[in-house]
S.K.: 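Handing you a structure now.
The chains referred to below are lettered A, B, ... by the order of the sequence lines, with proteins before strands, and numbering in each begins at 1.
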Protein chains: 4
Amino acid sequence: MNEKTMTRSQERRREDIVRAALEVFDRDGFEGARIDDVAAEAAVAKGTVYLYFKNKEALLEGVIHGVVKPAVAAVEEAAADTDMSAADRLRRQIGVIGKRLGEGQMNVILRLMIAEGPKYDELRRFYFREIVNPGMQAIGRCLADGEASGEFRPGTGQLHPQVFAGTAIMAAVWRILFDDLRPLDLDALLRDHLDTVLDGISA
Amino acid sequence: MNEKTMTRSQERRREDIVRAALEVFDRDGFEGARIDDVAAEAAVAKGTVYLYFKNKEALLEGVIHGVVKPAVAAVEEAAADTDMSAADRLRRQIGVIGKRLGEGQMNVILRLMIAEGPKYDELRRFYFREIVNPGMQAIGRCLADGEASGEFRPGTGQLHPQVFAGTAIMAAVWRILFDDLRPLDLDALLRDHLDTVLDGISA
Amino acid sequence: MNEKTMTRSQERRREDIVRAALEVFDRDGFEGARIDDVAAEAAVAKGTVYLYFKNKEALLEGVIHGVVKPAVAAVEEAAADTDMSAADRLRRQIGVIGKRLGEGQMNVILRLMIAEGPKYDELRRFYFREIVNPGMQAIGRCLADGEASGEFRPGTGQLHPQVFAGTAIMAAVWRILFDDLRPLDLDALLRDHLDTVLDGISA
Amino acid sequence: MNEKTMTRSQERRREDIVRAALEVFDRDGFEGARIDDVAAEAAVAKGTVYLYFKNKEALLEGVIHGVVKPAVAAVEEAAADTDMSAADRLRRQIGVIGKRLGEGQMNVILRLMIAEGPKYDELRRFYFREIVNPGMQAIGRCLADGEASGEFRPGTGQLHPQVFAGTAIMAAVWRILFDDLRPLDLDALLRDHLDTVLDGISA
DNA sequence: GATGAATGAGGGTTCATTCAT
DNA sequence: GATGAATGAACCCTCATTCAT
């Protein structure tokens with residue numbers, strides 16, 4: 001099945017399988033997931049999965065790419081908005097990252113990456129290159145711009161961007177592990193975080 | 001094998017197995033780990049593993065307990081030190097968490113928890129109860145005490161403790177996934193983080 | 001697809017498929033051959049193969065028939081030549097068998113027959129009836145005629161024809177298995193064989 | 001499972017599996033054989049087969065080695081007997097080969113070699129090196145010795161040994177394919193063959 | 001008729017767990 | 001208690017065959 005020559009209905013089928021795989025991976029983890037279940041969830045025969053993905057690892061890639069690619073667009077779009085103040089840009093940037101990670105699909109991707117990434121080098125590189133690095137750089141630019149404009153105090157541009165993204169990661173991990181034990185108010189958390197760190201860097 | 005009636009050498013044996021399992025789980029993940037490999041690494045026969053742990057899940061528990069229990073002590077110890085200023089206590093608290101998560105065994109535990117936690121409820125509860133919740137509470141106490149003493153600005157006691165722990169989690173995840181692609185200076189990162197958030201909450 | 005009502009181009013298509021199958025069976029064996037590969041080799045779609053052959057076994061039959069039928073004609077033609085001396089007729093007969101088996105397509109057929117024959121009874125019967133038995137009888141007639149005419153010593157007519165065909169079979173098997181390890185000079189081998197056995201039976 | 005450190009009962013188990021595999025391979029061919037059936041025939045669990053053979057190919061090797069090795073001894077023993085006349089030595093040599101190939105296990109091996117040999121290079125080389133080449137050389141020595149002693153006519157030493165082994169191969173193939181359609185009297189065939197070729201080369 | 005995507009039974013292999021020694 | 005051979009359920013993947021277009 002050539003990816004370039006897929007018909008409309010084939011593309012839909014491929015998406016069905018990716019969607020099903022995401023769901024099953026979320027429920028059972030990657031190793032624990034059975035292709036049988038993915039197929040059933042996608043309402044296709046087991047063999048059909050292998051028409052679209054050459055093996056289970058390719059399916060994992062498909063799932064991760066499927067979620068990461070649109071997210072890249074969102075991060076880029078947030079970064080492109082350069083009219084606002086540095087603080088507002090930072091708020092927006094962190095907000096986008098936090099929302100994606102704290103809820104929905106990117107949450108599952110993070111879990112898959114942490115669980116399976118160490119075994120699949122190319123996947124780790126892809127994830128770093130496409131989304132993590134650009135995200136860190138976007139934050140870094142906000143910091144540098146804010147310092148340059150005098151909005152943030154001197155030295156802010158040198159801070160690790162991870163300081164500003166950490167809470168979003170924490171929220172994601174919390175959601176994966178403890179959401180039923182102690183639910184987290186994502187918006188309030190991100191607000192606390194931003195208020196605190198922005199106060200910490202404001203001139 | 002009753003845990004109460006173990007001889008000295010049996011306890012040592014058990015520890016060998018736990019140590020070996022931690023190593024193999026770190027290398028291959030929990031699902032990817034073979035009991036054969038754990039046994040070989042511990043220099044015992046495969047059947048012996050089952051004398052000390054009734055199945056693979058129990059071995060996972062053993063590994064996690066083995067790392068978490070001493071860490072609990074460290075967190076408690078850090079929290080007990082109430083002579084210092086709130087800021088110093090917070091620095092110390094975050095430092096302990098960050099060091100444990102950013103390097104060494106707790107890093108592996110976090111990965112195991114994120115990967116397998118959703119499948120093993122009791123483990124998640126244990127992890128939350130024993131280490132996460134106490135850690136969050138210890139941070140919360142620092143914040144409340146600092147606010148009460150006027151060291152931190154009003155409202156600080158209401159902030160989510162996750163704001164202060166997030167960077168440590170981020171460091172752990174980074175170490176798991178990207179350490180070879182972009183190494184992280186853990187000390188510098190934690191310093192950036194603490195400087196920023198402490199500035200953000202200081203009165 | 002009724003074999004009687006095929007158009008010219010359909011017949012050509014069928015032959016293409018048979019030719020392709022012979023090639024793939026030669027390369028991968030019958031069990032190892034994939035219908036996909038046969039179709040690709042014949043430059044038709046996979047489904048098309050099933051328009052001409054109801055299943056893989058029928059394709060095997062088609063391949064074997066396709067090679068055996070013309071060979072039958074050759075054996076018959078060689079047998080029909082009754083003008084020559086018995087020795088010359090025998091030489092010719094063995095030569096035809098040896099050439100067919102030692103090189104080219106009949107070689108592949110022999111391999112397929114030995115590998116798959118035991119599983120496909122009808123095929124074995126066909127092969128025996130159409131080519132093996134007639135071949136043995138043709139040799140037997142040469143021997144009997146030569147004995148009757150005094151050209152061969154008494155008793156020659158009672159000898160097993162297999163004695164005279166064995167070297168050709170050996171050559172075929174050798175070619176299948178050891179051609180790269182120790183190439184065989186087919187003509188020289190057959191000459192040695194004929195010289196020896198003819199000396200052995202000459203009056 | 002280390003082959004050197006096997007206990008008596010493990011060796012017996014291994015032999016059981018090899019024996020079972022030979023039987024199933026004989027019945028269904030190598031590709032058609034299911035490990036399940038081999039295990040059942042050997043009265044062990046499927047997994048046990050994999051304790052003794054790392055995969056199906058290794059099992060095929062085990063089967064072939066198991067039959068070829070004792071046969072090598074027989075060929076060597078027959079070749080060692082240098083007291084007899086060249087003709088008797090040749091009779092004996094051909095007899096040993098013919099018996100082995102015409103009946104019993106070597107027959108199955110030949111079928112397996114012809115069917116699967118082309119796919120398993122190492123197996124072909126092993127078979128050639130261990131049994132075919134030594135067999136051909138043993139025959140060649142008989143011929144050369146007989147010529148040297150004047151027992152055989154000049155030039156006999158130059159003849160292809162395959163001329164003398166061919167009928168045995170033919171018998172084997174016949175037995176594989178046509179034994180039910182036209183049974184072969186192996187002893188009579190070999191006698192015919194030897195009488196004929198020995199007459200053909202006698203001085 | 002021709003196509004090739006879809007199907008799903010089947011089989012090789014792995015590995016957690018058991019148990020006889 | 002310690003061992004490691006034995007077990008068999010489970011699962012990924014292949015590929016002959018079908019069938020909607």
Side-chain angles (χ1 to χ4, degrees), chain A residues 1-2 5-7 9-10 13-14 31-40 43-59, chain B residues 1 5-7 9-10 13 31-40 43-59, chain C residues 1 5-7 9-10 13 31-40 43-59, chain D residues 1-2 5-7 9-10 13-14 31-40 43-59:
Chain A
M1 185 99 48
N2 190 329
T5 62
M6 284 200 307
T7 66
S9 84
Q10 283 168 353
R13 192 83 93 152
R14 207 194 109 102
E31 300 255 23
R34 291 159 51 229
I35 298 289
D36 258 330
D37 287 345
V38 173
V44 299
K46 187 166 33 162
T48 303
V49 175
Y50 287 92
L51 287 178
Y52 291 87
F53 300 93
K54 79 170 198 294
N55 56 27
K56 206 183 175 191
E57 183 184 344
L59 185 54
Chain B
M1 180 105 46
T5 62
M6 287 199 307
T7 68
S9 86
Q10 283 169 347
R13 193 86 91 146
E31 299 256 22
R34 290 159 60 241
I35 298 289
D36 255 326
D37 287 345
V38 172
V44 299
K46 184 159 42 159
T48 304
V49 175
Y50 285 87
L51 292 176
Y52 292 86
F53 299 92
K54 84 170 198 292
N55 56 26
K56 207 183 175 190
E57 182 184 345
L59 185 54
Chain C
M1 182 106 45
T5 62
M6 287 199 306
T7 67
S9 87
Q10 284 168 347
R13 194 85 94 143
E31 300 255 22
R34 290 158 61 243
I35 299 288
D36 256 327
D37 288 343
V38 172
V44 299
K46 184 159 40 156
T48 304
V49 175
Y50 285 87
L51 291 177
Y52 291 86
F53 300 92
K54 83 170 199 292
N55 56 26
K56 206 182 176 189
E57 183 184 346
L59 185 54
Chain D
M1 182 100 47
N2 190 326
T5 62
M6 284 200 308
T7 66
S9 84
Q10 284 167 353
R13 191 83 91 151
R14 208 194 107 102
E31 300 254 23
R34 290 159 53 229
I35 299 288
D36 259 328
D37 287 345
V38 173
V44 299
K46 185 159 43 153
T48 304
V49 174
Y50 287 89
L51 288 177
Y52 291 87
F53 300 93
K54 81 171 196 294
N55 54 28
K56 207 183 175 191
E57 182 184 344
L59 184 54

S.K.: Between C:S9 and A:V49, just flag the one whose closest nucleotide in DNA chain E comes earlier from the 5' side.
M.R.: C:S9

S.K.: Tell me which nucleotide among E:dC15, E:dT3, F:dT7 gets nearest to the side chain of D:V44.
M.R.: F:dT7

S.K.: Rounded to whole angstroms, how far apart are CZ on A:R14 and C1' on E:dA5?
M.R.: 16 Å

S.K.: How many Å lie between CD on D:Q10 and C1' on F:dG4, as a whole number?
M.R.: 9 Å

S.K.: In which ranges does DNA chain E form stems of 3 or more consecutive Watson-Crick or G-U pairs, distances under 3.5 Å?
M.R.: E:2-21 with F:2-21

S.K.: What contact category does C:A33 fall into here, base, sugar-phosphate, or nothing, at under 4.0 angstrom with non-hydrogen atoms?
M.R.: sugar-phosphate

S.K.: Mind calculating the distance between CZ (B:R34) and P (E:dA16) to the nearest angstrom?
M.R.: 7 Å

S.K.: Taking atom P of E:dA6 as reference, at what distance in whole Å does atom CE of A:M6 sit?
M.R.: 10 Å

S.K.: Quick check for you: to the nearest 0.5 Å, what is the distance between C:L51 atom CG and C:R13 atom CZ?
M.R.: 9.0 Å

S.K.: Go through the structure and list residues passing side chain to side chain contact (heavy atoms under 4.5 Å, CB included) with B:Y50, not counting sequence neighbours.
M.R.: B:I35

S.K.: Calculate the interatomic distance between A:D37 atom CG and F:dA10 atom P; express it in whole Å.
M.R.: 13 Å

S.K.: Does F:dA6 have OP1 or OP2 sitting under 4.0 Å from an N or O in the side chain of D:R13?
M.R.: yes

S.K.: Taking only nitrogen or oxygen atoms into account, show me every contact under 3.5 Å that the protein makes with nucleotides 19-21 of chain E, one pair per line with its distance.
M.R.:
none

S.K.: Could you pull out all residues at least two apart from D:E31 that satisfy salt bridge (charged side-chain N to carboxylate O under 4.0 Å, His left out)?
M.R.: D:K119

S.K.: Please give me the minimum heavy-atom distance between D:F53 and D:R14, naming the atom from each residue.
M.R.: CE2-NH1, 3.4 Å

S.K.: Between F:dT7 atom C1' and B:I35 atom CD1, what is the distance in whole Å?
M.R.: 16 Å

S.K.: Mind checking D:L51 for me? I need base, sugar-phosphate or nothing, with any heavy atom below 4.0 Å counting as a touch.
M.R.: base

S.K.: Using salt bridge (charged side-chain N to carboxylate O under 4.0 Å, His left out) as the criterion, list what pairs up with C:K46, not counting sequence neighbours.
M.R.: C:D36

S.K.: Where along residues 52-59 of chain A does a heavy atom fall under 4.0 Å from DNA chain E?
M.R.: A:Y52

S.K.: Between C:G32 and B:A43, which has a closest nucleotide on DNA chain F that is more 5'?
M.R.: B:A43

S.K.: Within the structure, does a side-chain N or O atom of B:T48 lie under 4.0 Å from either OP1 or OP2 of F:dA2?
M.R.: no

S.K.: Please report the distance, rounded to the nearest Å, between CG in C:D36 and P in F:dC15.
M.R.: 9 Å

S.K.: Measure from the side chain of D:K46, starting at C-beta and using heavy atoms only, and say which of E:dA16, E:dG4, F:dA10 lies closest.
M.R.: F:dA10

S.K.: Measure across D:M6 and D:Y52 and return the closest heavy-atom pair with its distance rounded to 0.1 Å.
M.R.: SD-CE2, 4.0 Å

